[in-house]
Amino acid sequence: MKNVMLVFGTRPEAIKMCPLVRELRGREGMRTVVCVTGQHRRMLDSVLGAFGVVSDYDLNIMKERQSLFDITTGVLNGMCEVLRRERPDAVLVHGDTSSAFAAALACFYEGSPVGHVEAGLRTHNVWRPYPEEFNRLAVGLVARYHFAPTREAAQNLLGEGKDPSSVYVTGNTAIDALRFTVKREYAHEELTWARGSRLILITAHRRENLGEPMRGMLRAIRRVTEEYPDVKAIYPVHMNPTVREIANGELSGCERIHLTEPLDVLDFHNFLARSHLVLTDSGGIQEEAPALGKPVLVMRRETERPEGVRAGTLRLVGTEEESIYENFKQLLEDREAYEAMAKATNPYGDGFACRRIADILQAE
Ligand code: UD1
Ligand code: UDP
């Protein structure tokens with residue numbers, strides 16, 4: 001019996017790891033153990049509920065306004081006991097969060113083999129996004145299996161000298177998640193409110209954007225939305241209290257922008273599928289939107305998802321207020337530019353990444 005453990009703690013990791021938990025739990029000869037760090041409490045639990053995943057261990061580390069020290073030491077200490085007890089044959093971590101980094105470090109200390117899901121994404125600037133670029137580099141240093149979502153991500157790893165026999169191109173499990181969540185028949189009161197308008201979906205949360213960059217982004221969105229009576233925006237605000245202060249400060253009182261609680265993943269994916277376009281600094285949304293044919297203005301200075309930019313779905317617009325204002329307006333005015341972005345092909349996989357990862361682990 002092979003003992004495979006999955007460790008994750010934030011909303012995006014859970015969205016991309018729960019389909020894999022479901023796949024592995026259906027396999028013969030595998031014992032699948034789920035350890036959640038609880039780095040996000042409510043947003044994590046909401047995803048676990050949506051996918052029907054129950055954890056075996058919960059480190060429950062989240063604190064209000066937690067620091068990177070809090071997350072890293074909380075996970076590292078918690079994982080020590082879990083690893084000693086379970087002695088897993090492989091530990092799967094995802095992407096670039098501090099939960100993933102600290103769990104991989106714990107595995108390194110305990111000699112447990114790490115499988116890195118969504119491996120090989122790079123901006124090649126260790127300070128941006130912060131601390132994610134460092135986290136993914138560090139996980140990559142100790143991983144035994146690198147599950148790269150695209151050829152380009154695999155190429156990054158090979159360029160860093162990883163053993164080619166440890167690098168697999170699987171597609172991104174985010175696309176597997178969409179197969180589970182997006183429904184043909186779907187209704188929600190916020191969508192009823194937006195009916196007949198062009199629906200803009202907004203998210204913003206990156207640590208390096210907190211403060212003036214995020215204020216500028218939101219001011220640009222407000223200015224454009226106020227100029228176009230046929231536009232309505234929904235902004236499910238991240239639970240980070242600093243993000244909430246900024247969002248309320250810049251956008252409250254704007255009639256055609258609804259600030260909401262974070263949406264459950266089933267709702268968010270169905271909103272995305274019915275939106276006109278997206279403005280975001282999120283990572284995962286840059287993968288989901290191309291699969292649903294939705295143009296994205298990426299409010300960041302660089303992206304680790306160049307495939308989506310090349311495919312034409314993503315446009316990198318920076319964090320400056322004027323650039324976001326101009327690009328947002330242009331996409332509302334220029335039908336041809338909009339159609340070109342909406343028609344681009346999805347470079348992130350066919351929705352069967354989990355099956356490939358499970359096959360690889362089972363064959364070992
Ligand atoms: C984390 C990840 C980031 C990822 C993001 C996805 C790190 C360092 N950062 O950033 O890579 O893109 O998640 O959203 O790993 N909070 C709650 N309830 C929740 C979730 C968050 O109250 O369910 C509040 C808490 O006050 C918490 C704060 O949000 O302290 C920030 O959460 P944290 O995980 O530290 O940072 P994120 O910005 O969410
Ligand atoms: N998401 C969600 N509800 C929301 C906003 C986002 O379920 O209200 C999902 C979204 O579909 C994507 C993931 O959360 O799968 C992205 O999370 P986030 O932007 O917090 O993190 P990142 O991807 O930037 O690490």
Side-chain angles (χ1 to χ4, degrees), residues 12-13 15-17 19-20 92-97 100-101 104 114-130 132-178 206 278 280-318 340-341 343-357 359-360:
E13 296 169 276
I15 291 170
K16 293 166 172 178
M17 289 291 256
L20 185 53
L92 305 182
V93 300
H94 184 278
D96 55 21
T97 67
F101 160 61
V114 172
H116 191 193
V117 181
E118 199 179 87
L121 277 63
R122 300 286 185 268
T123 61
H124 306 287
N125 176 353
V126 77
W127 299 101
R128 305 184 78 85
Y130 177 89
E132 289 83 2
E133 180 79 356
F134 167 83
N135 287 343
R136 53 196 171 218
L137 280 163
V139 176
L141 276 178
V142 301
R144 156 74 185 79
Y145 311 91
H146 307 270
F147 299 115
T150 62
R151 278 179 194 287
E152 187 147 355
Q155 212 48 56
N156 286 335
L157 293 161
L158 298 174
E160 288 169 10
K162 307 290 188 234
D163 178 350
S165 70
S166 68
V167 177
Y168 305 86
V169 178
T170 60
N172 197 306
T173 61
I175 313 302
D176 300 41
L178 290 173
R206 297 240 81 81
V278 186
T280 189
D281 67 3
S282 161
I285 294 170
Q286 295 179 56
E287 291 143 359
E288 295 162 352
L292 298 169
K294 301 301 172 183
V296 184
L297 297 180
V298 181
M299 300 185 291
R300 292 173 52 179
R301 298 214 307 242
E302 63 289 290
T303 180
E304 57 291 274
R305 276 112 174 150
E307 304 90 348
V309 176
R310 250 191 307 281
T313 328
L314 311 181
R315 190 189 292 176
L316 207 53
V317 296
M341 287 181 84
K343 278 207 294 277
T345 50
N346 156 37
Y348 294 111
D350 57 3
F352 293 96
C354 296
R355 190 184 287 177
R356 292 188 190 95
I357 294 169
D359 286 346
I360 293 159

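Everything quoted here is computed from the prediction, not taken from an experiment. For the numbers below, each heavy atom of this structure counts, side chains included, while hydrogens, waters and symmetry mates do not.
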Can you name the nearest heavy-atom pair linking [X] to [Y], along with the distance?
X    : Y    : result
A154 : V167 : CB-CG1, 3.7 Å
I175 : G349 : CG2-O, 3.7 Å
L157 : A148 : CD1-CB, 4.3 Å
T173 : C354 : CG2-SG, 3.7 Å
A291 : L178 : CB-CD1, 3.8 Å
D281 : M299 : CB-O, 3.6 Å

Will you find, in the side chains of [X] and [Y], an N or O donor that is under 3.5 Å from an N or O acceptor?
X    : Y    : result
N125 : T123 : no
Q286 : T303 : yes
E13  : T97  : yes
T150 : E307 : yes

Looking only at atom types and distance, does a side-chain atom of [X] sit under 3.5 Å from a main-chain N or O of [Y], one as donor and one as acceptor?
X    : Y    : result
R356 : T170 : yes
N135 : D96  : yes
Y168 : P149 : no
N156 : L121 : no
H116 : G95  : yes

Atom [atom1] in [X], atom [atom2] in [Y]: separation rounded to 0.5 Å?
X    : Y    : atom1 : atom2 : value
I357 : Y145 : CD1   : OH    : 12.5 Å
L297 : L314 : CG    : CG    : 9.5 Å
R206 : T280 : CZ    : OG1   : 8.5 Å

Salt bridge between [X] and [Y], side-chain N to carboxylate O under 4.0 Å?
X    : Y    : answer
D163 : R144 : no
E304 : R122 : no
R310 : E152 : yes
E118 : R305 : yes

Does the side chain of [Y] come within less than 4.5 Å of [X]'s, by heavy atoms?
X    : Y    : value
F134 : F101 : yes
E288 : K294 : no
P164 : L158 : yes

Can you list the steps and then say if V296 with R315 is a side-chain contact (heavy atoms from CB on, under 4.5 Å)? CA-CA 6 Å; V296 184; R315 190 189 292 176; over 6 Å; no
Could you walk me through whether V117 and M17 satisfy the side-chain contact (heavy atoms from CB on, under 4.5 Å) test, starting with their C-alpha distance in whole Å, then the side-chain angles of each, then the deciding distance to 0.1 Å, before giving a yes or no? CA-CA 8 Å; V117 181; M17 289 291 256; 4.1 Å; yes
Can R355 and D176 be said to form a side-chain contact (heavy atoms from CB on, under 4.5 Å), step by step? CA-CA 9 Å; R355 190 184 287 177; D176 300 41; 6.0 Å; no
Worked check of side-chain contact (heavy atoms from CB on, under 4.5 Å) between V278 and I285: CA-CA 9 Å; V278 186; I285 294 170; 3.9 Å; yes
Heavy atoms of other groups near R128 CZ, more than 12 under 6.0 Å: yes
